[in-house]
Amino acid sequence: MLRYFSLAVLLALLTAGVLPAQESEPPQPLDSAKTDSVTPPPVKSRLQQAIEAGERAAEEVGTDSVRSDPASTGRIALEKAQKWVRRLFYRGWLNPTVIGGFSTYQLTFWGEGTGSYGPVDAKLTVQYLGPTEWMGKDAEWLQAAYYTMESDPELIEFDLIVPARQKITEVYRALYRIDRGELQAMTFGLPAGQIDMDAVDRPLEAGQKSVKVYAGTFDCATYRGTGDVGAEVIVSRSSDVMPLEIVVLGYGDEGLTFSANGANVTPRFKSPPPLSR
């Protein structure tokens, strides 16, 4: 592959006239008495120069392609994790009946006809920690952990205070940490002037359906709505899956599929506790 790249560069260099023509050295007389103890380096042909230039260019391209910025990589992973946590929370129906209850989802490609398919891109666990209060308002306390499968960082965690109502449309307080690092604050709101489809969309109920996933078969109510950039959103909801009652969240050609649940698990990380009500 490198040789083909070199030849391509050769043709480009020759065509552009980048490589200068080599001038022939005048012949030395055979009977010349002059001698030199150092043998001059052989003159390289235009072809050899072009090949070597192409190889150097290929090496530089290869080197640049593997460089990465850890800060940029972490920022991209955080944005993706936040996006899917928002989608799950804003499309869910908060069921606060089991303190400590949690559910885990797998993020994969998804289609209405095929269901979940392809490799698992990430896993997302959400846990309900109990009722609380925020700035004089009734609120609920949850945490979420987003595990990436094939990239760094590997774990992004969120500590969230949301309104005490079934339909979540905002987050009062959001903290996060990456790979168990420093705890930092963030906002879950979108920039001013940008419509938050997940918060304002009101999916329409589309009947009952039996949904079979990794964790079992559930009788679900199906809802259809519209998400970011016009993506079709299909939600399968069951009250047996807490705390957000979502069995499947299909969002365009990707989706979260319920895979496991449980209860009475200690919160993954400590954060400044909100006031209890």
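These numbers were taken from a predicted model, which means no experiment stands behind them.
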Reported CD1-to-OG1 distance for the pair I156 and T148, which is rounded to 0.5 angstrom: 7.0 Å
Spacing of L142 atom CG and I168 atom CD1 [to the nearest 0.5 Å]: 6.0 Å
Which atom pair, heavy atoms only, marks the closest approach of [X] to [Y]?
X	Y	value
A185	Y176	O-CE2, 3.8 Å
T108	V120	CG2-CA, 3.8 Å
G101	P243	O-CD, 4.0 Å
G227	V233	N-CG2, 3.5 Å
L155	A145	CD1-CB, 4.2 Å

Is there a side-chain contact between [X] and [Y], using heavy atoms and a 4.5 Å cut-off?
X	Y	value
D196	T169	no
I234	V248	no
I246	V241	no
Y90	V171	yes
V126	L124	no

Exam field: side chain S103 to backbone M242, donor-acceptor pair closer than 3.5 Å: yes
Sequence neighbours left out, cut at 3.5 Å: what donor-acceptor pairs do the side chains of residues 91-100 make with other protein atoms?
unit_1 : atom_1 : unit_2 : atom_2 : d
R91    : NE     : D198   : OD1    : 3.1
R91    : NH1    : D201   : OD2    : 2.7
R91    : NH2    : D198   : OD1    : 3.1
R91    : NH2    : D201   : OD2    : 3.4
R91    : NH2    : T226   : O      : 2.9
N95    : OD1    : T97    : N      : 3.3
N95    : OD1    : T97    : OG1    : 2.8
N95    : ND2    : E245   : OE2    : 3.0

Contacts of Y172 meeting side chain to side chain donor-acceptor pair (under 3.5 Å) (sequence neighbours excluded), chain-then-number -> none
Counterpart residues, side chain to side chain donor-acceptor pair (under 3.5 Å), relative to S259 (two or more places apart): none
Pairing of [X] and [Y] as salt bridge, 4.0 angstrom limit:
X	Y	result
D228	K83	no
E154	R180	no
R177	D159	no

Could you go through residues 202-216 and list every donor-acceptor pair under 3.5 Å that involves a side-chain atom there, pairing it with any protein atom two or more places apart or in another chain?
unit_1 : atom_1 : unit_2 : atom_2 : d
R202   : NH1    : A199   : O      : 3.0
R202   : NH1    : V200   : O      : 3.3
Y214   : OH     : S116   : OG     : 3.0

Same apolar cluster: [X] and [Y], side chain cutoff 4.5 Å:
X	Y	result
L190	L160	no
L78	L107	yes
W84	M197	no

Partner set under ring pair (Phe, Tyr, Trp, His ring centres under 6.0 Å) for F188, not counting sequence neighbours: F158
Sole candidate of T125, T257, N261 that passes side-chain hydrogen bond (donor to acceptor under 3.5 Å, both in side chains) when paired with T104: T125
Salt bridge (Lys or Arg N to Asp or Glu O under 4.0 Å) contacts in which one or both residues fall within residues 249-261, not counting sequence neighbours: none
With sequence neighbours excluded, give me every salt bridge (Lys or Arg N to Asp or Glu O under 4.0 Å) pair touching residues 115-127. K80-D121
Co-members of the apolar cluster containing F109 [side chain, <4.5 Å]: Y117
Quick one: list whatever passes side chain to side chain contact (heavy atoms under 4.5 Å, CB included) with E182, sequence neighbours left out. Q184
Would you please name every residue forming a salt bridge (charged side-chain N to carboxylate O under 4.0 Å, His left out) with R224, sequence neighbours left out? E112, E232
